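These notes concern the structure reproduced below.
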Amino acid sequence: MQAGSGAALALENITVTFSARGAGTQTYTAVSDTTLTIAAGEFVSVVGPTGCGKSTLLNIAAGLLEPSAGNVRVLGESLSTINRHAGYMFQADALLPWLSAQDNVELGLKYRGVAPEVRRLRAEEWLARVGLAGHGHRYPHQLSGGMKKRVALAQMLILDPKILLMDEPFSALDIQTRQLMENELLDLWSADRKSVVFITHDLEEAIALSDRVVVLSAGPATRPLGEFAIDLPRPRDVNEIRLTPRFVELHRQIWHAMKDEVLKGYARSQRV
Amino acid sequence: MTDGRKREVRITRGRLALYHALLLGVVFVFWHLMTNPLLVSEEFARNTAFFFGKPLLVLEKTWDWFAGGKIYEHLLVTLIETLLAFGIGTALGLGAGLWLALSPLASALADPYIKAMNAMPRVILAPIFAVWFGLGILSKVALGITLVFFIVFFNVYQGVREVSPVVLNNARMLGAGAGQLLRTVYVPSAMSWVFSSLHTSVGMAFVGAVVGEYLGSARGVGYLILQAEGAFDINTVFAGILVLTAFALALDALVSFAENRLLVWRPGQSETDLL
């Protein structure tokens, strides 16, 4: 709410060190001295090679994980528990399998003590908005991969979070469904511009969706290598935007930087 | 294509049921022939009839029980004991399982005792329960509870331990407090394991009831068998076994029905709901 600060989410000098599995004093530094600021209404993608600690960074932002060092600020305030202003969309299936789609979407409202009639109506509304009107009675196992993601999206958005944290949400989908979901996400996002941190290993997806792309180095001790502003016009269609010269130019530019630095980081990690 | 396949399955199932019935018939005919002096010597028939009873007399006895109405009172007692043992055992197992699974300290403390109590042959407790609770239904219920408790307990413990961390984090991010996490994530997950062990736990409750009755009681199907055995009435013993078997099968069918109702959310539990 502090308009003055401007940043919806700020990760300040975050370091995450895990003690290694098994006995001993060995430690593993997943993320090292990372600073990342997301402005209100900004769509930021974080790309990096698989296993580089992207999810760790997101869990820090969500308050699910406490950093070993550094500070997280949410809307100007220091984060000490679960991030109440954030919605989290997981890579794996996170719907409660014993609840129908309708009940899954209602869940967050139920936790907040919203009256049953009210939450039923709002859940129906959200199911309709993600194109699942009339599918509310189905259980997650009766839904396709894309439908499950839509339910997860509705489950998150019904609480109207200021910040969306998305951890490779569409990586398990086939390419057509994925592009449909990406467009749908952009539509929903453009309605009321929330701040988004979108984690992906797919550079094309990152460019097509974002205002800014942050490239992370390979783990261990991941840190940001560079930032690229994406000046493609909105509204975008993820299928069409991929064919524009500016997109290709940006892709070449980021990929070049990413490849060089990632290879450098890889070589360094091999030497140690 | 799917229609053809389904019909094929149905035909095989029908045939199978027929073969099942035939097999049972063959066993009864063999039993009958071995205990009557038609194909075998009179002495041999007398001996086998003494040890195995005569199928016609067994069926007649069973018929008398149902037609005369004598059996219902005993069946009802056995049913009540089974249901009480099942209900109380499940509730206790659920509570203890949740508590120990969510509290590492309590779990570490209780672990050797739980293991010891589970390893103990609990049927041996029946005489003690008879002393404590008398010869009424309470001692049978207590025995059933000790059998059901551990099945439910271990399943709940496992169920809570195996809650998907992603689902748990999702519920947390949606704003669940500790109590809400318990109610909406841990308990449903544990219950799914309890339901999947329903067959075993209902069966165990039944075993507890019958064994308890058999070791000392005034009513119940186990009591009927005990009485008949005391009088060397082998036909009645077999009739009792027949009734118990049919009763157990009926209970099992009931459990399957409940299972299909309660676990609709599980993949592969209800084909009809699939697209």
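Just the heavy atoms: all of them, side chains too, but no hydrogens, waters or symmetry mates, feed the values below. Sequence lines set the chain letters: A, B, ... in the order given, protein chains first and strands last, and positions in each chain run from 1. Owing to the predicted nature of the structure, the values given are computational and were not obtained by experimental measurement.
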Who are the side-chain hydrogen bond (donor to acceptor under 3.5 Å, both in side chains) partners of A:Arg178, not counting sequence neighbours? A:Asp202, A:Glu205
Within a radius of less than 6.0 Å around NZ of A:Lys110, do more than 12 heavy atoms belonging to other residues, nucleotides or ligands occur? no
For atom CD1 of A:Ile175, decide whether the heavy atoms of other residues, nucleotides or ligands shown that lie under 6.0 angstrom number more than 12. yes
Chain B neighbours within residues 89-108 of chain A, where any heavy atom lies under 4.5 Å away: A:Phe90, A:Ala92, A:Asp93, A:Ala94, A:Leu95, A:Leu96, A:Pro97, A:Trp98, A:Leu107, A:Gly108
Can you give each donor-acceptor pair under 3.5 Å made by side-chain atoms of residues 81-103 of chain B, sequence neighbours left out, with the distance rounded to 0.1 Å?
unit_1, atom_1, unit_2, atom_2, d
B:Thr82, OG1, B:Thr78, O, 2.7
B:Thr90, OG1, B:Phe86, O, 2.6
B:Ser103, OG, B:Ala106, N, 3.3

Taking side chain as everything from C-beta outward and backbone as N, CA, C, O, which of these in B:Ser189 sits under 4.5 Å from a heavy atom of chain A? Side chain, backbone, both or neither. both
Sorted by number, residues from residues 151-181 of chain B in contact with chain A (heavy atoms, under 4.5 Å): B:Val166, B:Val167, B:Asn169, B:Asn170, B:Ala171, B:Arg172, B:Met173, B:Leu174, B:Gly175, B:Ala176, B:Gln180
Proximal component of A:Ala152, with respect to chain B [non-hydrogen, under 4.5 Å]: neither
Please indicate whether B:Tyr214 has more than 12 foreign heavy atoms, meaning atoms of other residues, nucleotides or ligands, lying under 6.0 Å from its OH. no
Is atom CZ of B:Arg261 surrounded by more than 12 heavy atoms (other residues, nucleotides or ligands) closer than 6.0 Å? no
